[in-house]
Amino acid sequence: MMDVNTGLGLVALMGAAATIAGAAEDLESDIGSQSNPNSQVQLAPQVGVLHRIFNKAISGEPPAYAFYSSIAATVAWILMNANFNIIAAFAIGAFVASIFHGIYASTAYMGRIASQRRYGQPIYLDVIYNHLPPIMAHGFVATFCILGLSYILWHFFEHPFPFVMLAFIWGITVGAIGSSTGDVHYGSEREYQNKPFGSGLNAALSGKIVTKAEIGTRSSIDNAWFCAKFGGPATGITFGLIVFLDNWRTLVFDQFMAIVVGFVIVALLIVANWLLEVWARKSYGPYPEKLAMLEGGA
Amino acid sequence: MTGSSCNAKAEAVAEKKISNNLIAALGIAVPLLGIFAASFNSLFAFMGGIAIIFATLWGANGVRTVAKYGIGTGVPSIGMVALGGSVAAVVAAAHLASKTVLLIPVIALILALLSGLLIGISARYILKMNIPVMIRCKTEICGAGALLILSHVATITGSFDLPGLKNVSDTGIVLFIFIIGALGILHPYNACLGADERQGRTLKLSLATGSAQVILAGIASLYFIGLPGMITILFGALAWFVTYSMFVRTSFEEGIVMNTGLIPEVEHK
C-alpha cells in the first residue's frame, strides 16, 4: 500500500484530469447539441425555425460517453498488453474512439435532418465539415482524461474492477454530470438568449430557439465559445470535485469513517446549495416582478 | 439563396416497406449460423461479424417499429432493453447447456424471447403503455440482443461457451460489448428520428452501425485470438465503407442538401 502523500498526489491528479474531462465533455455536447437541449433543436424546424445548428443525437450523454470511453479503454488496454507506452496507448485509444464518435455524429446529423425534409430544413455540408473536427477533438480530450483517471485508479490504487469496466463507469459518470450540470447553460441560457433566464420556458416557445448570431447566422461552434465561459468550467469543477472528494475520503479515512465522511460531505453540499439558492433568489428575485419589468418594458 | 429545392414543401418519400417477418427470419438464421461458424476455427471468426450485422438489423427494426408510436426520448431506453433484457438469458443458457455447447445460442434465444415477452407484457398491461406492437417488438428486441451478445463473444474470443463468456467478463470487455451493441441497435432509429423517417434509410444505417461494431469486435479479438482478428477488422471496414456510403447517398437523396448558405425563408403558416 502506498503512503498517504503519494496517494493524495494521485487523487489530486485524478481530480485535475476529471476537471478537464468534464469541461471538454460539456463543450463537446454543446457543439453537437446533444442530450436535453437537443429536443429544442430537433423541434425547431417543425415550428418554422430553420437553423444551421448541429444535431448530434447519439443516445443521451451518459451512454454516449460510456461508448467512447469503453472503446478507448479497450484499444488502450490491448496496446498496453502488447507492451506499448501507456500514454501512447491512451492517445491511440482516444483517437480510435474519436473516429467512431465522428462517424456516429455524422450519421446522426444527416439522418435527423434528412427526416425533416418536409419542413424545408437543409442538410448543410459545411456544417458537417466544420463541426465534426471540434466535436471529435473535444471528445478526444475528454476520453483521454477519463482513461488517465481510470488508469490511476486501476493501476496505482489496485481497484478490483478491470480497466475497461472502470473507464465505462467513469464514462457514464462524466456524461451524467455534463448532462445535468452543463446543459442548463446551453439549453436555457444560450438557446433562449432572448428570453429572461430563470423563469422557466413557456410551452408556446418550444422549438423557437435563437438562430441568429452576433454577426450572421449562429453556428454550434459559437455555442461552444459561449458555454466555455461558464457551463463548461462548471461541469469540469463538478466532475473534478466528485472524483477528488470521493477518492480523498476513502484514502484518508478507514472504511467506516469514510462512509460517515461521505454523508457529512453530502449534507454540507445540500446546505451550501440551499443557502446559495436562497441568496440568489433574494439578490435577483423575486422572479415574477423581474419578469414583468423585462417583458412589459414598463 | 432560397432556391426551389429548399422551399418548405411536404414531399413524403414513397415508402417501400420490408416485412418485419422477413427481417426477423434473417435476424435469427444468419446470426445463429454465423455464431457456429465463428466458433469453428479462429480463422472464421469474421463470420461472427456477419452475425453481428444481421442481429443489429433485426434489433434496429424492432426499435424502429415500436418507437414509431411517438416515443421520442425513449428510443435509447428501448434500445438498452435489448441488451439489458438478454444478458441474463445468455448467462443462464451458457450454464444450462454447458455439456452440449452447440445448444447455447438456441437456448439463449428462447430465454431472451421469453424475457422480452415478459418485459413487453409488463409494459403493455402493468405500465399501461398503449402501444399494440409493444409485446412483439420487446420480444424481438431481446432476442436480437441475445444473438448480438453471443455473436460478439464468438467473434472476439472464438467461442461462445461458459469459458468464453468468463473471458469477456473477467477482462471487462463484456461492458464494451454491452455498450457498442446497445448503441448499434438504438442508434439507427434514434439518428433518423423525424417526420420523414423511412424504413429503408434506417435499416441502411443499422447495417452501418453493425459493420462499425464488427471493426470494434475485431480490434478486441486481437487480444484473445491474435492475428485472425485482422481478418475481422478488414471485413468490418469493407462492410462499413459500403453500408455507410449507401446511407450517406440515401440521406442526400432524401434530404435537401446545400453546400453552404444562409437559412432559407419558409412560408409561415
Side-chain angles (χ1 to χ4, degrees), chain A residues 36 38-39 42 45-46 48-52 57-60 63-64 66-67 69-71 73-75 77-78 81-82 96 100 103-104 106-127 161-169 171-172 211-212 216-217, chain B residues 6-13 72-73 75-76 79-80 170-176 178-180 182-183 186-188 190-198 201-202 205 208-209 212 216 219-220 222-223 240 244 247-248 250-252 254-264 266 268-269:
Chain A
N36 309 315
N38 178 273
S39 57
Q42 173 73 13
Q46 273 183 59
V49 180
L50 303 186
H51 58 79
R52 280 173 55 89
I58 311 178
S59 190
F67 176 67
S69 300
S70 48
I71 291 176
T74 304
V75 174
W77 176 73
I78 288 167
N81 277 306
V96 173
F100 279 90
I103 290 170
Y104 275 64
S106 68
T107 54
Y109 180 76
M110 287 186 284
R112 283 225 166 170
I113 305 293
S115 293
Q116 295 176 333
R117 181 194 176 93
R118 70 181 63 181
Y119 310 118
Q121 170 66 41
I123 300 175
Y124 291 105
L125 295 184
D126 66 328
V127 167
F161 285 4
F163 177 60
V164 178
M165 192 179 277
L166 286 175
F168 176 93
I169 294 169
I172 287 197
T211 55
K212 301 261 177 6
T217 315
Chain B
C6 51
N7 278 340
K9 290 230 174 77
E11 294 170 42
V13 184
T73 48
V75 178
M80 287 287 166
D170 283 351
T171 47
I173 297 291
V174 67
L175 281 177
F176 166 78
F178 179 88
I179 197 73
I180 65 171
L183 252 91
L186 72 86
H187 185 67
N190 193 40
C192 292
L193 190 76
D196 292 319
E197 188 270 348
R198 194 178 64 81
R201 181 153 51 88
T202 304
L205 182 52
T209 58
L216 292 168
I219 295 175
L222 289 174
Y223 176 76
W240 173 80
Y244 183 80
F247 170 75
V248 173
T250 314
S251 297
F252 284 1
E254 293 180 9
I256 305 160
V257 181
M258 292 172 76
N259 279 322
T260 183
L262 294 175
I263 300 169
V266 281
H268 285 285
K269 299 165 202 112

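Here is how names work: the chains are called A, B, and so on, in the same order as the sequence lines, proteins then strands, and each is numbered from 1. This one's a predicted model, so the numbers in the text were calculated from it and none came from an experiment.
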Atom group of [X] that falls short of 4.5 Å from chain A, counting heavy atoms:
X        : answer
B:Leu175 : both
B:Thr209 : both
B:Phe247 : side chain
B:Leu186 : side chain

Given a strict heavy-atom distance threshold of 4.5 Å, which part of [X] is in contact with chain B: side chain, backbone, both, or neither?
X        : answer
A:Ser59  : both
A:Thr211 : both
A:Tyr104 : both
A:Ile78  : side chain
A:Phe168 : side chain

What distance separates [X] [atom1] from [Y] [atom2], expressed to the nearest 0.5 Å?
X        : Y        : atom1 : atom2 : answer
B:Glu254 : A:Ser115 : CD    : OG    : 8.0 Å
A:Phe67  : B:Phe176 : CZ    : CZ    : 8.5 Å
A:Ser70  : B:Ile180 : OG    : CD1   : 8.0 Å

Side chain proximity check, [X] to [Y], heavy atoms < 4.5 angstrom:
X        : Y        : answer
B:Pro264 : A:Pro122 : yes
A:Asp126 : B:Met258 : no
B:Tyr244 : A:Thr107 : yes

Using a 4.5 angstrom heavy-atom cutoff, name the option from B:Ser251, B:Ala195, B:Gly255 with the most pairs to chain A.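 Option with the top pair count is B:Ala195.
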Heavy-atom pair count under 4.5 Å with chain A, highest-scoring of B:Gly194, B:Ala191, B:Gly172: B:Ala191
Among A:Thr74, A:Ile113, A:Val164, A:Thr217, which has the most heavy-atom pairs under 4.5 Å with chain B? A:Thr74
Who among A:Ile103, A:Leu166, A:Ile169, A:Val75 has the most heavy-atom pairs with chain B under 4.5 Å?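 Ranked by heavy-atom pairs under 4.5 Å with chain B, first place is A:Ile103.
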Worked check of side chain to side chain contact (heavy atoms under 4.5 Å, CB included) between A:Tyr124 and B:Thr260: CA-CA 6 Å; A:Tyr124 291 105; B:Thr260 183; 5.6 Å; no
Indicate the atoms forming the closest heavy-atom contact of [X] with [Y], along with that distance.
X        : Y        : value
A:Ala114 : B:Arg201 : CB-NH1, 3.6 Å
B:Ile263 : A:Arg52  : CG1-CG, 4.3 Å
A:Pro63  : B:Met80  : CB-CE, 3.6 Å

Heavy-atom neighbours of B:Asn259 CG exceed 12 at 6.0 Å: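 No - once you tally the heavy atoms of other residues, nucleotides and ligands closer than 6.0 Å, there are 12 at most.
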So B:Ile256 and A:Gln121, side chain to side chain contact (heavy atoms under 4.5 Å, CB included) or not? Walk me through it. CA-CA 7 Å; B:Ile256 305 160; A:Gln121 170 66 41; over 6 Å; no
Treating A:Arg112 as the side-chain partner and B:Asn190 as the backbone partner, does any N or O pair qualify as donor plus acceptor under 3.5 Å? yes
